[in-house]
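Below you'll find the structure, written out as structure tokens, and then a few comments.
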Amino acid sequence: MCLYCNNNLNDKNSIKIINFFKKQKIISDNDNIKLVYGKPLLWGINGFAVLVTDSKMIVFNNFPKVVLHNYSLSSIKNVFIENNQLNINFLDRENVDKITCGSIKSETVNKFTTSLNDYLKNNSQLKLIKKAEEKDIKINYSYNIHNDFVVVDLETTGLNPETDKIIELSAIKYKNREIESKFSTLINPKIHISPKITEITDINDDMVKNSPYIENILPSFAEFVGDLPLVAHNARFDIQFLNCILKKRGGFIDNEIIDTLSISRLIYKGLIDNFKLETIKNYLKLEKYKSHRAESDCIVAGAIYIDYLKSKDKNTFINDLDKQIYLNVKKILESNGRDITYFKRIKKSNLISLDCFYPFFKYKVTGKLKYILTDIDKNYLEENNIKYTDSSASEKENNRIILEDPGIVFKIEHYILKKYDEAYNALIEYRESINCAEKNINEYLYK
């Protein structure tokens with residue numbers, strides 16, 4: 001979990017480097033340090049590292065015998081790492097700076113360069129280690145599928161995160177959809193727990209008087225959660241309480257947040273009277289777990305999310321060709337820096353549709369004739385030796401590319417990117433212009 005601020009970095013090397021930069025007046029306490037793939041520094045061997053702030057990228061090697069390279073972000077076009085060298089392309093000059101960085105894992109390199117280049121391109125993709133001065137910190141809701149996650153739940157003295165306090169905090173870590181470990185503690189709120197809250201939770205003043213304060217628990221809670229997505233029922237409530245505390249200490253939560261309240265409204269629709277956690281608990285025959293206690297509520301929220309994962313499992317691939325087409329298209333989108341949050345595979349009659357809320361790519365993988373539906377110019381298909389036939393009268397697209405090899409999609413990469421961008425832009429326009437858009441988009445993502 002990212003409880004980030006400029007003076008709250010847990011990595012000793014990062015602290016050492018950042019303090020060195022401050023001492024040398026290369027950065028100041030007011031500089032907002034960016035996270036590249038979730039970390040404040042990219043490390044190689046031989047003391048190589050990269051630090052990114054709001055306005056600059058600082059590269060050094062051979063630390064502590066530091067050789068500094070201090071670049072303005074506004075001057076950089078993109079970066080890439082090749083042959084153990086960091087290559088920096090500039091907007092205003094043709095030459096490339098090459099800095100020896102030693103051995104770095106390829107996965108780390110890909111995450112670093114993709115994350116940084118996205119930030120350079122649109123100033124939005126890097127997470128920020130910052131002083132959380134905003135009135136409302138945006139919650140990072142996610143609709144992704146995860147087999148590893150952490151379920152979190154709080155009990156509090158009331159409903160207002162500004163004035164009420166946490167009295168119990170629990171988290172359960174799941175690995176491959178199975179419980180791996182638990183974190184649970186009562187919290188001393190430093191205020192009286194009302195009889196009403198005691199009636200609901202069975203937690204009273206005597207029970208919490210020797211319990212730790214929330215500020216003493218947060219570091220170990222953050223270490224337990226790490227960067228895993230957080231699952232919670234009515235997640236806004238729990239995350240706002242935690243962020244309210246963290247904001248006063250200069251941090252906030254930026255883990256992916258999955259709300260089982262939204263999920264339950266879709267997968268249990270028509271089966272239960274309401275979507276309260278206690279109602280769902282009874283429906284799932286989990287009555288032995290006491291409602292309004294944090295650990296028990298985590299168990300129920302975890303069961304909801306696993307039900308959702310199982311429902312998604314049913315949408316399995318028809319055959320290996322179907323699976324490989326899907327994976328190849330996904331690879332094209334990811335390698336070209338596209339946001340795939342809304343990318344989904346949907347079976348429609350005898351066709352498979354790949355959608356970004358709106359459909360952008362359709363193909364057929366059963367029967368005698370397997371094909372991809374496209375509007376690609378026939379001259380391009382013929383010049384590139386791509387076999388095709390005309391579409392049927394009922395199909396909107398102009399032609400069918402004969403699907404003999406799933407690798408054929410790489411020959412029409414330009415078309416896939418164009419159609420995906422059209423669907424994505426239409427989605428953004430829809431979200432900005434229609435009042436009920438968010439609800440409809442959520443339903444699309446969870447179905």
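Predicted, not measured: the structure shown is a model, and the values here were computed from it.
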Original post:
When rounded to the nearest 0.5 angstrom, what is the spacing between CD1 in I402 and CD1 in I408?
Top reply: 10.0 Å

Original post:
Got V150 and F221 here, is their nearest side-chain heavy-atom distance under 4.5 Å?
Top reply: no

Original post:
With a distance cut-off below 6.0 Å to the six-membered ring centre and an angular limit of 45° from the axis, does K173 pair with F224 as a cation-pi contact?
Top reply: yes

Original post:
What is the minimum heavy-atom distance between I172 and E295, and which atoms define it?
Top reply: CD1-O, 3.9 Å

Original post:
Run the side-chain contact (heavy atoms from CB on, under 4.5 Å) check on V151 and L230 step by step: do they pass?
Top reply: CA-CA 6 Å; V151 185; L230 294 179; over 6 Å; no

Original post:
When rounded to the nearest 0.5 angstrom, what distance separates CD1 in I267 from OG in S262?
Top reply: 11.5 Å

**OP:** Before accepting this row, confirm whether a basic side-chain N of the pair E422/K419 lies closer than 4.0 Å to the acidic partner's carboxylate O.
**Re:** yes

Subject >> Closest non-hydrogen atom pair between E168 and S184, with its separation >> reply: OE2-OG, 4.5 Å

Subject >> Non-hydrogen side-chain atoms of N176 and D148 separated by less than 4.5 Å >> reply: yes

**OP:** Calculate, to the nearest 0.5 Å, the distance between atoms CG and CZ belonging to D421 and R338 respectively.
**Re:** 4.0 Å

Subject >> Minimum side-chain heavy-atom gap S170-K182 below 4.5 Å >> reply: no

Original post:
Are V52 and I58 side-chain neighbours, meaning at least one heavy-atom pair lies under 4.5 Å?
Top reply: no

**OP:** Say whether, by atom type as modelled, one donor and one acceptor occur between the side chain of N319 and the main chain of L321 under 3.5 angstrom.
**Re:** yes

Original post:
Is atom OH of Y213 surrounded by more than 12 heavy atoms (other residues, nucleotides or ligands) closer than 6.0 Å?
Top reply: no

**OP:** Taking the side chain as every heavy atom from C-beta outward, state whether D307 and Y268 have any pair of such atoms under 4.5 Å apart.
**Re:** yes

Subject >> Rounded distance [0.5 Å steps], OH in Y420 versus CG in L354 >> reply: 10.5 Å

**OP:** Look at atom NZ of K370 and say whether more than 12 heavy atoms of other residues, nucleotides or ligands are closer to it than 6.0 Å.
**Re:** yes

Subject >> Audit row: I376, Y388, side-chain contact (heavy atoms from CB on, under 4.5 Å) steps and yes/no >> reply: CA-CA 10 Å; I376 299 175; Y388 71 93; over 6 Å; no

Subject >> Distance-only side-chain donor-acceptor flag, N398 / S391, under 3.5 Å >> reply: no

Original post:
Under the criterion side-chain contact (heavy atoms from CB on, under 4.5 Å), which of I88, L86, D97, V59 is the partner of H69?
Top reply: V59

**OP:** Could you give me the CA-CA distance, side-chain angles and deciding distance for E215 and I245, then say whether side-chain contact (heavy atoms from CB on, under 4.5 Å) is met?
**Re:** CA-CA 8 Å; E215 57 267 27; I245 297 165; 5.9 Å; no

Subject >> K364 side chain to N350 backbone, donor-acceptor under 3.5 Å >> reply: no

**OP:** State, without any angle test, whether N425 and E429 hold a side-chain donor-acceptor pair at a distance under 3.5 Å.
**Re:** no

Subject >> Residues D405 and K387 bridged, charged N to O under 4.0 Å >> reply: no

Subject >> Salt-bridge criterion met for K347 and D322 (N-O under 4.0 Å) >> reply: no

**OP:** Please state whether the rings of Y342 and Y424 are parallel, tilted or perpendicular, taking 30° and 60° as the class boundaries.
**Re:** tilted

Original post:
For H146, does its backbone N or O pair with a side-chain atom of Y305 as donor and acceptor, under 3.5 Å?
Top reply: yes

**OP:** Kindly compute the distance separating OH (Y363) from CZ (R345), expressed to the nearest 0.5 Å.
**Re:** 5.5 Å

Subject >> Donor-acceptor side-chain pairing of D254 and N140 below 3.5 angstrom >> reply: no

**OP:** State whether K396 and D375 are salt-bridged, where the test is any N-O pair (Lys NZ or Arg NE/NH1/NH2 against Asp/Glu carboxylate O) under 4.0 Å.
**Re:** no

Original post:
With N328, which of Q324, K331, K330 fulfils side chain to side chain donor-acceptor pair (under 3.5 Å)?
Top reply: Q324

**OP:** Examine distances only and state if a side-chain atom of D259 and a backbone atom of N234 form a donor-acceptor pair shorter than 3.5 Å.
**Re:** yes

Original post:
Where is the tightest heavy-atom contact between A301 and L277, given as atom of each residue plus distance?
Top reply: N-CD1, 4.3 Å

**OP:** If the plane angle is over 60° it's perpendicular, under 30° parallel, otherwise tilted; pick one for Y358 and Y430.
**Re:** perpendicular

Original post:
Counting only N and O atoms by type, is there a donor-acceptor contact under 3.5 Å from the side chain of D238 to the main-chain atoms of V152?
Top reply: no

Original post:
Roughly how far, to the nearest 0.5 Å, is the CD1 atom of I166 from the CD1 atom of I214?
Top reply: 4.0 Å

**OP:** Evaluate side-chain contact (heavy atoms from CB on, under 4.5 Å) for L373 paired with L351, printing each intermediate quantity in order.
**Re:** CA-CA 10 Å; L373 288 169; L351 290 174; 4.0 Å; yes

Original post:
Which atom names give the shortest non-hydrogen contact between I217 and F183, and what distance separates them?
Top reply: CG2-CZ, 3.7 Å

**OP:** Find out whether Y371 and E397 are in side-chain contact, i.e. whether some heavy atom of one side chain is under 4.5 Å from a heavy atom of the other.
**Re:** no

Original post:
How about F360 and F343: do any of their side-chain heavy atoms sit closer than 4.5 Å?
Top reply: yes

Subject >> Student check: side-chain heavy atoms of I306 and Y174 closer than 4.5 Å >> reply: yes

**OP:** Locate the shortest heavy-atom distance separating D164 from F241; write the atom from each residue and the value.
**Re:** O-CE2, 3.6 Å

Original post:
Does H233 reach the main-chain N or O of D153 with its side chain, forming a donor-acceptor pair under 3.5 Å?
Top reply: no

**OP:** Could you tell me whether the side chain of N255 and the main chain of L228 form a donor-acceptor pair under 3.5 Å?
**Re:** yes

**OP:** Search all heavy atoms of Y308 against all heavy atoms of I145 and return the closest pair with its distance.
**Re:** CE2-CD1, 3.7 Å

Original post:
In this structure, which one of V329, V365, I416, L403 forms a side-chain contact (heavy atoms from CB on, under 4.5 Å) with I372?
Top reply: L403

**OP:** For D355 and Y444, test the side chains for any donor-to-acceptor distance below 3.5 angstrom and give the result as yes or no.
**Re:** no

Original post:
Sub-3.5 Å donor-acceptor pair from the side chain of E180 to the main-chain atoms of K175, do we have one?
Top reply: no

Original post:
Any ion pair linking E395 and R400 (charged N to carboxylate O, less than 4.0 Å)?
Top reply: yes

